[in-house]
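Remember, predicted model here, so these are calculated numbers, not experimental data. Note that the numbering runs from 1 along the sequence shown for the chain.
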Amino acid sequence: MEYADGKVKDLQIAYIGGGSRGWAWTFMTDLAMDEELSGTIRLYDIDAEAAKHNEIIGNRLSAREDVVGKWNYTVSDSLQSALTDADFIVISILPGTFDEMAVDVHMPERLGIYQSVGDTAGPGGAMRALRTIPMYVEIAQAIRAYAPKAWVINYTNPMSLCVKTLYYVFPEIKAFGCCHEVFGTQKVLKGILEETMGLKDVKREDIQVNVLGINHFTWFDYASYKGIDLFPIYRKYTEEHREDGYKEADKNWANSTFECAHIVKFDLFRKYGLIAAAGDRHLVEFMPGVGDSYLKDPETVKRWKFGLTTVDWRKKDLQERLAKSARLAAGEEEIELKPTGEEGIQLIKALCGLTRKISNVNIPNTGHQIANLPESAVVETNAVFERDAIRPLYAGELPEQIKELVDPHVANHERILKAAILCDFDLVVEAFLEDPQVKGRASREQVEELVRDMLRSTAKYLPEGWKKYL
């Protein structure tokens, strides 16, 4: 890459999963709207046709007169060609298909275990990890061989285990995980502030927060806006709206699997005193499943005003995205240029030295940024991004009650990573039994049978070492 006139030119970005029919277009949009960066995007995907479509779409976008960020999109036919001498590497992949995801989400329902997302925690998250980790081992080995000095940005779930695998294989890697869940809770705080105090045009970025936790189970123990402590305002609002929650403009939990009324996070605030900083659908999967839990059954889920993952909807949405991809590639439709709300491009600019940015990030806890979690844990806290450096900010300690909720998941990250590397059936069973959504709800025999059936259903994406259990 070259620096000139306050801009970075000839930046080389490798995009693993470059055939994406969703997030790739978000990435393209943000790049197109920033005039301080330009260069080449190398698209690599096991679906070469999808990558070729995005090459066409990206270059059509870059050629538009209203686009200020000019990029050359090109397809790479191997990890080596994509990665060699890359400055940045973006990873955003789907491990398997929605058929495998349907198994992740729905097969545990035979034991009364319901999942609202199924890609991070619970049986679904574990099984998705077993497919993903071998892919990330290969990716990390390739990065070590062909681009050891590149910055690596992960967007794939399960976030914590993806980042953990990269560092396990290549300890010197410069990798971090990005997630927008924290931004969503900042937007809730912004909306509550505007609604209760009559303020207008509060910027999400001006809601200052201290972030601590693990991905999709993050918390704020500090929230401020221009000298205003937001905790008393939030406390009053949660008491007054414990039944109806917070309604975001143009969003309705009843009409979308991906929305919620935020009353789970309101309830968690009353119980634990911190602001739960992820969407309700993610938060509930980290909580104990015994008793009157948020995920007890579909009727309970409705009372808490969020939705269970609907894989059939995802399959239908994929068909619509495939059709949109064809239209975009043919020039029958154009990508709309409007801010996406993601911060990936801002972080790239900061790491290039064009600016300095504080944002939430998923990296190992080697800086003891969360003082009472182990160094080996991948944690989510704020960090300073500046030229060729990420400096995690000290977030403090998790309150003991919340730490007790986090600990089983941190322990399971270790189990699942080891199970994936060694192809160890017993470790997977142990991870299931210790997951809060499963613990106390099924016998070992039932769990062993569930694990075996789930492994059989995803076998084509697993290493040969698993065959002896199937």
Side-chain angles (χ1 to χ4, degrees), residues 95-96 98-133 157-158 160-161 214 216-217 264 268 280-304 306-311 404-420 422-459 461-462 466-470:
F98 288 139
D99 289 335
E100 283 71 36
M101 187 175 184
V103 173
D104 294 348
V105 172
H106 296 304
M107 191 174 283
E109 290 173 2
R110 73 191 195 192
L111 298 182
I113 297 167
Y114 296 93
Q115 297 172 98
S116 43
V117 184
D119 70 0
T120 299
M127 202 56 55
R128 184 184 179 102
L130 294 179
R131 294 194 299 273
T132 310
I133 288 170
N157 288 323
S160 299
L161 271 164
I214 58 176
H216 292 154
F217 200 46
V264 170
L268 292 174
D280 286 4
R281 295 170 57 251
H282 278 298
L283 293 169
V284 295
E285 291 193 328
F286 288 83
M287 299 298 293
V290 295
D292 190 22
S293 72
Y294 303 111
L295 281 169
K296 182 180 179 181
D297 53 44
E299 289 305 311
T300 301
V301 168
K302 288 181 182 178
R303 288 200 301 272
W304 286 101
F306 65 93
L308 297 172
T309 286
T310 306
V311 180
E404 289 175 0
L405 299 174
V406 171
D407 282 343
H409 299 283
V410 170
N412 257 0
H413 293 161
E414 298 288 345
R415 289 188 185 97
I416 295 166
L417 175 59
K418 188 174 180 181
L422 300 177
C423 299
D424 190 317
F425 178 84
D426 290 334
L427 272 176
V428 180
V429 171
E430 185 179 339
F432 271 50
L433 287 167
E434 292 300 319
D435 185 276
Q437 281 299 311
V438 180
K439 191 170 186 176
R441 303 180 68 187
S443 68
R444 185 178 187 90
E445 291 74 18
Q446 289 174 312
V447 169
E448 287 180 350
E449 184 180 3
L450 175 63
V451 169
R452 201 178 302 274
D453 287 348
M454 293 182 78
L455 287 171
R456 286 188 182 122
S457 298
T458 195
Y461 292 99
L462 297 175
W466 287 105
K467 284 190 174 180
K468 60 178 178 279
Y469 300 113
L470 309 179

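- R110 has its side chain within reach of L450: a pair of non-hydrogen atoms, C-beta onward, lies under 4.5 Å apart.
- Considering all non-hydrogen atoms of both residues, L433 and R444 come closest at CD1-NH1, 3.2 Å.
- The backbone N or O of Y461 lies less than 3.5 Å from no partner atom in the side chain of R131, so there is not a single donor-acceptor pair.
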Do L295 and I113 pass the side chain to side chain contact (heavy atoms under 4.5 Å, CB included) test, and can you show the C-alpha distance, the side-chain angles, and the key distance before you say yes or no? CA-CA 8 Å; L295 281 169; I113 297 167; over 6 Å; no

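- Taking both residues in full, the closest heavy atoms of V301 and F306 are given as CG1-O, 3.2 Å, listed atom of the first, atom of the second, then distance.
- Geometric assessment of R452 against the ring of F425 yields a positive cation-pi assignment under the 6.0 Å and 45° thresholds.
- A donor-acceptor pair under 3.5 Å is absent between the side-chain atoms of R441 and the main chain of L111, judged by distance alone.
- In this structure, P288 and K439 have side chains that are not in contact, with every pair of non-hydrogen atoms separated by 4.5 Å or more.
- The nearest pair of heavy atoms linking V105 to G118 is CG2-CA, 4.3 Å.
- Going from atom NZ of K296 over to atom OH of Y294 covers 14.0 Å, rounded to the nearest 0.5 Å.
- Atom CG of D435 is separated from atom CD1 of I416 by 7.5 Å, given to the nearest 0.5 angstrom.
- Of the inter-residue distances, the one linking D280 atom CG with L268 atom CG reads 7.5 Å to the nearest 0.5 angstrom.
- Rounding to the nearest 0.5 Å gives a distance of 10.0 Å between CG of D453 and CG of L470.
- What you find for V103 and P108 is that their closest heavy atoms are O-CD, 3.6 Å.
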Check the pair D119, H282 against side chain to side chain contact (heavy atoms under 4.5 Å, CB included), reporting the backbone distance first and the verdict last. CA-CA 9 Å; D119 70 0; H282 278 298; 3.6 Å; yes

Would you sort out whether E448 and Y469 count as a side chain to side chain contact (heavy atoms under 4.5 Å, CB included), showing the intermediate values? CA-CA 11 Å; E448 287 180 350; Y469 300 113; over 6 Å; no

Side chain to side chain contact (heavy atoms under 4.5 Å, CB included) between N412 and E430: does it pass, once the steps are laid out? CA-CA 9 Å; N412 257 0; E430 185 179 339; over 6 Å; no

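- Looking at every heavy atom in both residues, L130 comes nearest to V428 through CD1-CG2, 3.9 Å.
- In this structure a side-chain-to-backbone donor-acceptor pair under 3.5 Å is missing from R281 to V117.
- Ion pairing of K302 with E299 is present here, as a side-chain N (NZ or NE/NH1/NH2) and a carboxylate O approach within less than 4.0 Å.
- Nearest heavy-atom pair, T300 versus S293, reported as atom, atom and distance to 0.1 Å: CG2-O, 3.3 Å.
- Formation of a donor-acceptor pair under 3.5 Å by the Q437 side chain with backbone atoms of V284 is found in this model.
- Proximity of a side-chain donor or acceptor of Q115 to a complementary backbone N or O of E285 within less than 3.5 Å is not detected.
- Using a 4.5 Å cut-off on side-chain heavy atoms (C-beta onward), C423 and K467 make no contact.
- One distance of note links CE of M454 with CE of M107; it measures 6.5 Å at 0.5 Å rounding.
- Between the side chain of N157 and the backbone N or O of T120, no donor-acceptor pair lies under 3.5 Å.
- Partners of D407 under the side chain to side chain contact (heavy atoms under 4.5 Å, CB included) rule, at least two apart in sequence or in another chain, are L373, K403.
- Residues E109 and Y114 form a side-chain contact, since some pair of their non-hydrogen atoms from C-beta on lies under 4.5 Å apart.
- Considering CG of L422 and CH2 of W466, their distance stands at 9.0 Å, rounded to 0.5 Å.
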